[in-house]
A.B. asks: 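Please read through the structure below; I'll follow up with questions.
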Amino acid sequence: MTRKPVRRRRAPRITDENGRRIRVWELVLRYALLLAVLAITVGPFLWQLSTSLKGTHEDIFSSPPTFLPADPTLHNYERVADTIPVWDYAFNSLKVATANVVTNCVGSALAGYALARLRYRGRKIATLVFILAMLVPVESIVIAQFTTMRELGLNNTLVGVVLPGCIAAMNVLLMRNAFLNLPYEIEEAAYVDGANAWQRFLRIALPSVKGTLAVVAIFAFMGAWDDFLWPLIVLSDPAKFTLTIGLNYLHGTFANDERIVAAGTIIAVAPLIILFACLQRYFFRGVGEGAVKG
């Protein structure tokens, strides 16, 4: 009785999305780079979180440094609220950020659809204007913006904070690219059925680019929530300060107490993390919608 030769099972091949084989050292190098990028990006946030949970009896400048707090406490967050009206500042920032999200989503969607789907003279020139607007540094036009707000009587108002950034050029181009990716046949069929431009925009085009709208919403919220220079210039009443300006008083008052500064930083970053966690599914889908076609 002859024995059949035993076939050795080959180790499964590791390939990329194109089917190309990935060597072991390449895979190790990729993961090492990913871990390094993760440490650089997430590490400072985790360190600030750890510092905000340390009590006054712990030395945050010890050598070697201790990452985990020995006795975690939320007392530093209470001290932030006792030092400045942090929740009033956060509410002002929330109002500014919400208005910025609404105006950017509505305005960018309308402008992007007009640049991508409507046919009229000067469409290419209008697109070029939005591209050139992205190349202009904000610092170079801040004086003109301040003069405009003063002439309109909007200085020291939250409306004056929102108005200059209510429609960002980058968001318009994102929406334009997303609308360009939609097949023209569907819209032409709706046109044959008698749908006008508004109906085609609201019922066909807009529901197909929800992912890009989520990207615009995240960018608009982050830009308004994190903005420091423009609110500092246009606002003078402490009752109308946004969170970024208000937290600056923590650093000036408690320059040697990094725990309370870290607690204020976590308060400012937490809404951004929550927003991204809620919209991440639409965010990654929207990056593909708005970044394929130019």
A.B. asks: Could you list the donor-acceptor pairs under 3.5 angstrom formed between side-chain atoms of residues 143-155 and any protein atom two or more places apart in sequence or on another chain?
C.D. replies:
from, atom 1, to, atom 2, distance (Å)
Thr147, OG1, Ile143, O, 2.9
Thr148, OG1, Ala144, O, 2.8

A.B. asks: Please walk me through it: do Leu272 and Asp226 pass side chain to side chain contact (heavy atoms under 4.5 Å, CB included)?
C.D. replies: CA-CA 9 Å; Leu272 300 179; Asp226 291 337; 3.5 Å; yes
A.B. asks: Once you round to the nearest 0.5 Å, how far does OG1 of Thr98 lie from CZ of Phe221?
C.D. replies: 6.0 Å
A.B. asks: Identify, with sequence neighbours excluded, every residue that meets side chain to side chain contact (heavy atoms under 4.5 Å, CB included) alongside Ala189.
C.D. replies: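 Testing Ala189 for side chain to side chain contact (heavy atoms under 4.5 Å, CB included), a comparison that skips the adjacent residues, returns none.
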A.B. asks: What side-chain hydrogen bond (donor to acceptor under 3.5 Å, both in side chains) pairs are there with at least one residue in residues 103-112, not counting sequence neighbours?
C.D. replies: Asn100-Asn104, Asn104-Asn171
A.B. asks: Is there a continuous path of hydrophobic side-chain contacts, each under 4.5 Å between heavy atoms, that joins Phe219 to Ile274?
C.D. replies: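 Each belongs to a different hydrophobic cluster.
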A.B. asks: What pairs with Tyr89 under ring-ring contact (aromatic ring centres under 6.0 Å, His included), at least two apart in sequence or on another chain?
C.D. replies: none
A.B. asks: Heavy atoms only: give me the nearest Gly264-Leu247 pair and the separation to one decimal.
C.D. replies: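 It is O-CD1, 3.4 Å.
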A.B. asks: Which ILVMFWY residues are connected to Val136, directly or by a chain of links, through side-chain heavy atoms under 4.5 Å apart?
C.D. replies: Ile141
A.B. asks: Would Leu174 and Val215 satisfy side chain to side chain contact (heavy atoms under 4.5 Å, CB included), going step by step from the backbone distance to the final call?
C.D. replies: CA-CA 9 Å; Leu174 281 175; Val215 174; 4.1 Å; yes
A.B. asks: Surrounding CZ of Phe228 (heavy atoms of other residues, nucleotides or ligands, distance under 6.0 Å), is the total greater than 12?
C.D. replies: yes
A.B. asks: Please check: side-chain N/O of Ser52 versus main-chain N/O of Ala262, any donor-acceptor pairing under 3.5 Å?
C.D. replies: no
A.B. asks: Could you list the donor-acceptor pairs under 3.5 angstrom formed between side-chain atoms of residues 120-135 and any protein atom two or more places apart in sequence or on another chain?
C.D. replies:
from, atom 1, to, atom 2, distance (Å)
Tyr120, OH, Ala114, O, 3.4
Arg123, NH1, Leu118, O, 3.0
Thr127, OG1, Arg123, O, 3.0

A.B. asks: Enumerate donor-acceptor pairs with a distance under 3.5 Å from any side-chain N or O in residues 40-50 to protein atoms, sequence neighbours excluded.
C.D. replies:
from, atom 1, to, atom 2, distance (Å)
Thr41, OG1, Val37, O, 2.8
Thr41, OG1, Leu38, O, 3.3
Ser50, OG, Phe67, O, 2.1

A.B. asks: Closest approach of Pro231 and Thr242, non-hydrogen atoms and distance?
C.D. replies: CB-OG1, 3.8 Å
A.B. asks: To the closest 0.5 Å, what do you measure between CG (Leu229) and CD1 (Ile233)?
C.D. replies: 4.0 Å
A.B. asks: Between CZ of Phe241 and CG of Asn248, what distance do you get to the nearest 0.5 Å?
C.D. replies: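 Output value for this atom pair is 9.5 Å.
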A.B. asks: Which heavy atom in Leu182 sits nearest to a heavy atom in Ser208, and how many Å separate them?
C.D. replies: CD2-CB, 3.6 Å
A.B. asks: Could I get the full list of side chain to side chain contact (heavy atoms under 4.5 Å, CB included) partners for Val162, not counting sequence neighbours?
C.D. replies: Val96, Ala99
A.B. asks: Enter the distance from Glu58:CD to Leu53:CG here, rounded to the nearest 0.5 Å.
C.D. replies: 9.5 Å
A.B. asks: Restricting to non-hydrogen atoms, name the atom on Gly160 and the atom on Pro164 that form the minimum distance, rounded to 0.1 Å.
C.D. replies: O-CD, 3.1 Å
A.B. asks: Which residues, ordered by chain and number, are linked to Val192 in its hydrophobic cluster, where ILVMFWY side chains connect at heavy-atom gaps below 4.5 Å, directly or through other members?
C.D. replies: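 None; Val192 is a cluster of one.
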A.B. asks: Classify the ring geometry of Phe179 against Phe201: parallel below 30°, tilted from 30° to 60°, perpendicular beyond 60°.
C.D. replies: tilted
A.B. asks: Can you tell me if Asn76 uses its side chain to pair, donor with acceptor, with the backbone of Gly55 under 3.5 Å?
C.D. replies: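 No, because the side chain of Asn76 does not come within donor-acceptor range (under 3.5 Å) of the backbone of Gly55.
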A.B. asks: Quick one: do Val138 and Ile167 end up in the same hydrophobic cluster if we chain Ile, Leu, Val, Met, Phe, Trp and Tyr together by side-chain heavy atoms under 4.5 Å apart?
C.D. replies: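 Unlinked, Val138 and Ile167 end up in two clusters.
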A.B. asks: Using the side chain to side chain contact (heavy atoms under 4.5 Å, CB included) rule, take Met170 and Leu173 through it: C-alpha gap first, then chi angles, then the decisive distance, then the call.
C.D. replies: CA-CA 5 Å; Met170 183 184 68; Leu173 295 178; 5.8 Å; no
A.B. asks: Going by the salt bridge (charged side-chain N to carboxylate O under 4.0 Å, His left out) test, which pairs reach into residues 104-114, not counting sequence neighbours?
C.D. replies: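 The answer is none; no pair qualifies.
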A.B. asks: Where do Trp225 and Ala268 come nearest, in terms of heavy atoms and distance?
C.D. replies: NE1-O, 2.7 Å
A.B. asks: Would you give the length of the straight line joining atom CD1 of Ile204 to atom CD of Glu188, rounded to the nearest 0.5 angstrom?
C.D. replies: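 With rounding to 0.5 Å, CD1 (Ile204) is 11.0 Å from CD (Glu188).
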A.B. asks: For residues 111-120, which residue pairs qualify under salt bridge (charged side-chain N to carboxylate O under 4.0 Å, His left out), counting only residues two or more places apart or in two chains?
C.D. replies: Arg117-Glu187
A.B. asks: Which atom names give the shortest non-hydrogen contact between Ala195 and Arg200, and what distance separates them?
C.D. replies: O-NH1, 2.9 Å
A.B. asks: To the nearest 0.5 Å, what is the distance between CG (Leu110) and CE (Met175)?
C.D. replies: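 That separation rounds to 9.0 Å.
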A.B. asks: Under 4.5 Å between side-chain heavy atoms, hopping through other hydrophobics if needed: is there a path connecting Leu206 to Trp198?
C.D. replies: yes
A.B. asks: Please name all residues satisfying side chain to side chain contact (heavy atoms under 4.5 Å, CB included) with Asp237, sequence neighbours left out, ordered by chain then number.
C.D. replies: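 Asp237 satisfies side chain to side chain contact (heavy atoms under 4.5 Å, CB included) with Asn156, Ala239, Lys240 only.
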